[in-house]
Undergrad: 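Next up is a structure, given as structure tokens.
Numbered from 1 within each chain, the chains take letters A, B, ... in sequence-line order.
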Amino acid sequence: DTAVSQTPKYLVTQMGNDKSIKCEQNLGHDTMYWYKQDSKKFLKIMFSYNNKELIINETVPNRFSPKSPDKAHLNLHINSLELGDSAVYFCASSQAASSSGYEQFFGPGTRLTVL
Amino acid sequence: AQKVTQAQTEISVVEKEDVTLDCVYETRDTTYYLFWYKQPPSGELVFLIRRNSFDEQNEISGRYSWNFQKSTSSFNFTITASQVVDSAVYFCALPSNDYKLSFGAGTTVTVRA
């Protein structure tokens, strides 16, 4: 009964490849997020969807494209992978806005290594 | 703009020592929430606490306690009688708009046996 799950947990791939990371939450939350954590542990929001609508789209290369087929799923597709994309990617969800006190629940992370 | 500063990059203590993690924030909002998260070596991010800016009472949960001081824009976190299992990276966070959480850089706590 995992709350927020991500697959795969580890992803090792060559530069130039295209890859996807999948995320699912069973908490019934309306909002989902993608974060990137770099090697220095900095956590940065990338995207957020609320009820399948994109509400946060930070300055990330357009090689990154999120897709939300339904409220419970938010996938991240990355085209033409580069060395600098190596990081841990976290999916998260929340019941409502964090500005109203709702915490975000995080998945276990996907460690992406681009060779 | 909303900003969270965790000036301590790393803290190393011996088991049973107390450790305090500093969090200083900047916000233009008059009401806001603050959060603390823990990231153990296994990598997952675990929610610890949220605090509303209206409530300045200190919060205690077992060996964890939080000191929120609006006058100094600080929301510090103390682990009393630290244990090896407390070794983790701890993040303070502040919403920078409705849905966006701005995280501090994190403080790595190492508790040595």
Side-chain angles (χ1 to χ4, degrees), chain A residues 2-6 8-10 23 27 29-51 53-60 66 68 74 87-112, chain B residues 1-6 8-11 21 23 25 27-55 59 66 68 75 87-110:
Chain A
T2 305
V4 183
S5 58
Q6 293 177 230
K9 190 163 174 59
Y10 299 96
C23 177
L27 297 166
H29 289 168
D30 286 343
T31 311
M32 296 184 72
Y33 311 80
W34 277 111
Y35 284 85
K36 180 180 180 181
Q37 186 174 44
D38 64 20
S39 57
K40 291 188 181 349
K41 299 288 188 182
F42 288 120
L43 268 165
K44 196 167 187 312
I45 183 80
M46 299 173 68
F47 303 103
S48 177
Y49 273 75
N50 180 255
N51 279 319
E53 183 184 335
L54 184 65
I55 57 171
I56 296 175
N57 187 357
E58 289 295 277
T59 310
V60 299
S68 181
L74 180 62
V88 180
Y89 292 85
F90 284 98
C91 177
S93 73
S94 67
Q95 184 177 344
S98 296
S99 60
S100 299
Y102 290 92
E103 70 269 30
Q104 296 181 14
F105 293 81
F106 284 79
T110 295
R111 182 174 294 277
L112 171 65
Chain B
Q2 318 289 73
K3 188 179 173 184
V4 176
T5 302
Q6 295 181 256
Q8 304 148 306
T9 308
E10 293 184 28
I11 300 176
L21 284 61
C23 171
Y25 61 91
T27 179
R28 286 187 297 241
D29 296 336
T30 51
T31 62
Y32 48 89
Y33 282 85
L34 291 155
F35 300 82
W36 275 94
Y37 282 83
K38 173 182 179 179
Q39 187 175 35
S42 50
E44 72 274 23
L45 277 153
V46 179
F47 165 74
L48 291 178
I49 191 172
R50 84 173 68 80
R51 174 47 55 93
N52 185 310
S53 57
F54 279 118
D55 184 3
E59 177 113 6
W66 288 268
F68 174 48
F75 186 35
S87 296
V89 182
Y90 292 87
F91 294 95
C92 183
L94 169 73
S96 53
N97 68 14
D98 278 348
Y99 290 92
K100 194 188 301 187
L101 261 186
S102 290
F103 284 85
T107 299
T108 300
V109 173
T110 303

Undergrad: Is chain B contacted by the side chain of A/Leu43, its backbone, both, or neither, given a heavy-atom distance below 4.5 Å?
TA: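 The answer is both parts of A/Leu43.
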
Undergrad: Heavy-atom distance under 4.5 Å to chain B: side chain of A/Ala92, backbone, both or neither?
TA: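 It is neither, since no heavy atom gets under 4.5 Å.
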
Undergrad: Nearest 0.5 Å, please: how far is CZ in A/Phe90 from CD in B/Gln39?
TA: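 CZ of A/Phe90 is found 4.5 Å from CD of B/Gln39.
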
Undergrad: Working to the nearest 0.5 angstrom, can you tell me the gap between A/Lys41 NZ and B/Thr9 OG1?
TA: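 Atom-to-atom, A/Lys41:NZ and B/Thr9:OG1 are 14.0 Å apart.
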
Undergrad: Looking only at heavy atoms, what is the nearest atom pair of A/Ser98 and B/Pro95, with distance?
TA: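 Scanning both residues completely, I find the closest heavy atoms to be O-CG, 3.4 Å.
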
Undergrad: OH of A/Tyr102: more than 12 outside heavy atoms within 6.0 angstrom?
TA: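 At most 12 heavy atoms, drawn from other residues, nucleotides or ligands, come within 6.0 Å of this atom.
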
Undergrad: Are there over 12 heavy-atom neighbours, none belonging to B/Arg50, within less than 6.0 Å of that residue's CZ?
TA: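 Buried by this count: over 12 neighbours within 6.0 Å.
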
Undergrad: When only heavy atoms count and the cut-off is under 4.5 Å, which of residues 100-108 of chain B reach chain A?
TA: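 Contacts with chain A: B/Lys100, B/Leu101, B/Phe103, B/Ala105.
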
Undergrad: Between B/Tyr33, B/Tyr32, B/Phe91, which has the largest tally of heavy atom pairs under 4.5 Å with chain A?
TA: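 Looking at each of B/Tyr33, B/Tyr32, B/Phe91 in turn, B/Tyr33 comes out on top.
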
Undergrad: Counting only heavy atoms closer than 4.5 Å, note whether A/Gln37 contacts chain B via side chain, backbone, both or neither.
TA: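 The side chain, not the backbone.
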
Undergrad: Give me the atom names and distance for the closest heavy-atom approach of B/Phe35 to A/Glu103.
TA: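 Looking at all heavy atoms of both residues, the closest pair is CE2-CA, 3.7 Å.
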
Undergrad: Can you tell me which portion of B/Tyr99 sits under 4.5 Å from chain A's heavy atoms? Options are side chain, backbone, both or neither.
TA: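 Both the backbone and the side chain of B/Tyr99 come within 4.5 Å of chain A.
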
